[in-house]
Amino acid sequence: MRAVSVRLRWAVVLAVAALVLGLMGAAAALIVNARHAALAESEAQVARFAAGSEAALNRALLGLDVLLASTDDMIDLWRERDPRPDPEFIGRLLRRAARQNILVRSVVLLDARRAVVAASDAVGARVTSELPAGFFDEAMAQSMPTLLLSAPTVSFASSERVLYAARPIRAENGERLLAVLQVPVSMLVGVVMQGADIPGLEVSFERGRGDLIIGTSSRGEARTRARVPALGDDAPAFSAWGQSARLSGVAALVVARPLLYPGLWIAASLPESAALANWRTERNAIAAVAALLIATALAAGGFSMAYLRRMSRARKDLARSKATLEQALGAMVSGFVLLDPGHRVLQWNGRYEEIFPWLRDIMAVGLPFRTVLEATSRHHLPDADEGMRREWVAQRLLLQRETRGTHEQMLPNGHFIQITERVTPEGGLMITYHDVTELRRASAEIENLAFYDLLTGLPNRRLLLDRLHQALATAQRSHQFGALLFLDLDHFKTLNDTQGHEMGDLLLQQVALRLRICVRAADTVARLGGDEFVVMLCDLSQDREEAATIARRFGEKILHAVSQPYQLQQQMHQHTCSIGAAVFGDVMQSAADLLKQADIAMYQVKARRGNALCFFDPQMQVVISQRAQLESDLQAAIAGQQFVLYYQPQISRDGGVVGAEGLLRWRHPDRGLISPAQFIGVAEESELIVPIGQWVLRSACAQLAAWSHDPRLANVHIAVNVSARQFRHPDFVASVVDALNHAGVRPHLLELELTETLVLDNVDDSVGKMHQLRTKGVRFSVDDFGTGYSSLAYLTRLPLHQLKIDQSFVRNLGTRPTDDVIVQTIIGMARNLDLEVIAEGVETEEQRGFLERHGCDLYQGYLFARPMRAEDFRVRYGAASEAAPEGMAEGATGPAAD
């Protein structure tokens with residue numbers, strides 16, 4: 001077998017070599033023959049041109065000679081007409097003669113002294129100055145009159161190259177005259193070239209002694225030299241290759257012919273490179289075709305060799321494949337069975353027997369597959385009768401006849417087997433059995449992760465939205481109302497922060513368990529994330545009110561269950577929740593909108609301290625939307641500098657102004673001036689209070705700097721309220737110091753008002769920040785004192801300067817005894833702690849008198865002045881007020897002073 005393969009390879013090599021050599025020889029012969037043909041064709045073409053050019057040039061020169069010779073007759077005609085010289089008459093004769101020859105530009109008669117006897121035009125009259133040197137003498141010296149041509153020269157009149165033809169003639173009186181005519185070289189070039197279109201052709205009109213008269217080429221006039229190698233006056237015509245071209249000097253075909261007039265030659269030169277230009281293209285084409293054919297032959301030989309090698313390898317691979325097939329089948333992770341066209345067993349592997357161990361003893365080549373299925377049915381249907389087993393076998397055989405690719409089968413041991421059936425080209429059947437049990441378990445786990453909460457096992461947001469969407473559509477069709485309960489644990493963040501996330505997770509798991517117990521099996525309990533749960537109640541009633549009543553009962557049941565104590569790692573904890581409810585079923589709405597409604601209702605419960613249930617009211621949505629719009633307007637107000645500070649004076653016992661409280665106002669572009677009561681709450685919750693508070697601090701410090709230039713206001717301090725979020729901000733101390741430094745004011749003129757709830761919320765943090773600012777000189781006042789839950793122990797630790805009595809107590813002085821006692825107690829306590837006391841909201845003289853009698857230091861209220869702009873404050877209490885009319889200060893103390 002190997003020897004046969006080697007002989008075949010050598011045969012292919014020899015055949016390809018012979019074909020390549022034959023192609024190369026044929027191509028070379030074609031190229032050589034084409035070259036000879038190209039040279040012969042070029043020689044014949046140039047010879048035809050030279051003969052035609054010779055004849056045309058002879059005719060042209062003969063015409064010029066005849067014109068010159070005819071001047072004798074003109075002179076005779078002159079003498080007959082008028083014996084006296086008449087140059088004008090002979091000039092007209094010459095002009096008429098010149099017009100009969102298109103080559104002639106002008107004709108002139110010269111006497112022996114070179115004087116112009118007559119001329120055809122004004123240009124001819126100046127010919128004596130343009131004749132080449134020696135040409136006149138040479139023409140006049142001819143013993144036998146004949147045509148003489150000059151070398152080309154440039155005409156001064158027309159700036160073009162011309163040559164002159166001359167012939168001596170004799171007048172009647174025996175005087176010797178010279179007839180001269182001017183011929184443009186370009187006109188003569190046209191005669192020489194005869195419109196020839198031979199690429200590369202060079203044509204020369206020359207004298208036998210080597211003077212070049214005209215040199216031109218197929219591309220135009222190409223005179224490059226004054227002289228060329230002499231051809232001789234009497235040499236015969238010749239045509240030869242390998243000569244030097246008459247103009248360029250390159251190797252060329254030269255065809256030279258003598259003209260009718262002795263000593264004149266016409267020569268045509270065709271460079272060999274130009275003659276062979278087309279041949280080179282043809283040569284390249286032949287070479288390319290030959291190369292392509294040779295490459296094709298080599299490729300065919302290569303493919304043949306490769307095919308022979310592949311055939312040899314295929315035979316070896318076939319032998320190896322037969323040896324390794326059994327090993328491959330045994331290594332398959334899938335079971336394998338091959339059936340012939342009669343559905344009898346041909347081959348199987350060990351994995352097939354591992355999957356179906358009950359078939360190990362009966363498998364054999366040629367066994368009908370029906371027998372295999374019958375044995376399998378006894379294991380799949382151990383309790384079935386023979387009829388049911390035969391039906392099972394029939395169904396499996398039907399599946400084989402109607403092969404659909406892949407299907408699954410579950411074994412009695414719980415394993416899932418994926419069965420793939422493929423028809424073989426011979427009409428048999430190849431069946432593979434793949435165990436996909438782990439894949440199915442993984443898919444189930446993935447589905448569980450995608451739709452269920454990992455911590456509680458409850459449906460997650462995705463599954464809830466899907467079920468809620470279906471429930472909404474079902475409610476529309478069945479007219480059965482349902483309800484959605486949105487549940488949020490109260491103070492869950494506190495448990496997470498104090499006890500850790502593990503305790504929080506335990507609580508969430510127990511809450512999930514209690515929620516499942518509280519609802520029906522058809523209801524859905526889901527966890528949205530964090531401590532938020534949702535309960536979806538379906539098919540409650542066809543009456544909306546009754547459905548809401550049933551949903552409330554479920555909600556109260558959940559509130560009770562969630563509020564029961566929890567055992568969390570040997571610790572007992574008690575938690576409550578807030579529930580927002582929304583009834584659905586009467587109008588078509590999206591799942592997201594329904595969740596939003598329940599969420600809004602839940603936050604209403606949160607706002608009322610939680611542990612309750614609230615149903616969604618459309619008015620809630622209006623309030624939420626208004627609140628969102630207000631928050632958006634606040635953000636625009638911060639960016640657009642729409643805030644302004646009003647100042648309410650703080651009056652001492654003697655009636656002097658010692659300070660002012662900076663009160664924030666919002667100058668809305670559409671709604672006008674807005675008081676803080678309408679927007680401070682939203683600013684607090686949205687954390688916009690921090691940038692607003694910083695603006696208030698900077699503005700107050702800037703106002704202190706402005707007042708420092710007024711002698712009556714230089715020592716007036718400004719008090720500003722500080723919110724809890726602003727005070728707890730990590731950069732609060734730095735922001736205050738920066739505002740003071742930037743304005744350049746004395747720190748003790750700035751007074752920060754803090755509520756007692758804020759101060760006592762985190763006493764250590766409060767004391768630390770207050771001491772940092774107190775060392776800088778900033779003063780502190782407790783605002784709304786008496787309304788919170790004060791602790792004297794903590795109060796003594798704070799670096800306070802002042803207590804402010806809340807206006808709710810001041811308002812009822814003299815009418816409610818308890819408020820009288822509270823005010824007296826606050827004033828007494830402040831005295832004992834060496835703190836200044838100021839009362840706000842003083843509106844009547846009786847209130848001021850009561851406070852003064854019991855030792856109050858300072859007063860603030862409408863009795864003295866309403867809050868006013870900084871400019872109005874300066875006019876009323878500053879240096880400008882000294883020029884005010886008498887009684888203005890008293891008028892300023894009334895309630896009407898706004």
Side-chain angles (χ1 to χ4, degrees), residues 1-45 197-200 241-242 250-253 270-334 336 338 340-341 346-347 349 403 405 420 422-430 432:
M1 182 67 69
R2 179 175 177 81
V4 172
S5 177
V6 170
R7 284 198 299 271
L8 286 174
R9 292 179 187 177
W10 273 110
V12 170
V13 170
L14 292 175
V16 170
L19 182 59
V20 169
L21 291 176
L23 288 171
M24 292 175 63
L30 284 173
I31 290 172
V32 171
N33 291 336
R35 188 176 190 278
H36 291 325
L39 293 176
E41 182 182 355
S42 296
E43 185 173 0
Q45 192 176 15
D197 186 16
I198 303 176
W241 285 97
V250 300
L253 165 68
L270 181 65
E272 187 174 320
S273 59
L276 296 176
N278 293 333
W279 168 81
R280 282 193 294 273
T281 302
E282 187 177 354
R283 177 199 62 189
N284 294 339
I286 294 172
V289 172
L292 180 61
L293 293 175
I294 291 172
T296 303
L298 292 174
F303 289 144
S304 299
M305 296 292 288
Y307 175 74
L308 291 175
R309 284 194 295 270
R310 284 199 298 271
M311 288 294 291
S312 178
R313 284 198 300 268
R315 294 189 185 96
K316 295 177 183 178
D317 292 342
L318 182 60
R320 283 196 299 267
S321 64
K322 291 179 178 179
T324 58
L325 179 58
E326 292 296 332
Q327 296 179 359
L329 292 175
M332 287 178 62
V333 296
S334 302
F336 170 82
L338 181 63
D340 65 9
L346 285 179
Q347 202 166 15
N349 64 354
T403 304
T420 304
R422 295 286 185 271
V423 178
T424 64
E426 297 80 13
L429 198 63
M430 183 179 64
T432 57

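Computed from a prediction, not measured in an experiment: that's the story for all the values here.
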task: Would you mind reporting whether Val423 and Leu429 have side-chain heavy atoms less than 4.5 Å apart?
output: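 Sidechains of Val423 and Leu429: in contact.
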
Determine the minimum heavy-atom distance between [X] and [Y], stating which atoms define it.
X      : Y      : result
Leu39  : Ala275 : CD2-CB, 4.5 Å
Leu253 : Glu43  : CD2-CA, 3.3 Å
Gly200 : Ala274 : CA-CB, 3.9 Å

Kindly compute the distance separating [atom1] ([X]) from [atom2] ([Y]), expressed to the nearest 0.5 Å.
X      : Y      : atom1 : atom2 : answer
Leu276 : Ser42  : CG    : OG    : 7.0 Å
Asp340 : Leu346 : CG    : CG    : 4.5 Å
Asn349 : Leu338 : CG    : CG    : 11.0 Å

message: Can you tell me if Asn278 has over 12 outside heavy atoms packed within less than 6.0 Å of its CG?
response: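 Result for CG/Asn278: open.
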
query: Without hydrogens or angle criteria, can the side chains of Glu272 and Trp241 be said to hold a donor-acceptor pair below 3.5 Å?
result: no

message: Run Glu282 and Arg35 through salt bridge (charged side-chain N to carboxylate O under 4.0 Å, His left out) and show every step you take.
response: CA-CA 9 Å; Glu282 187 177 354; Arg35 188 176 190 278; over 6 Å; no

What donor-acceptor contacts under 3.5 angstrom involve side-chain atoms of residues 13-30, with partners at least two apart or in another chain?
none

- request: Ignoring hydrogens and angles, tell me if any N or O in the side chain of Trp279 forms a donor-acceptor pair with the backbone of Ile31 under 3.5 Å.
  value: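 Checking the backbone N and O of Ile31 against the side chain of Trp279, a donor-acceptor pair under 3.5 Å is found.
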
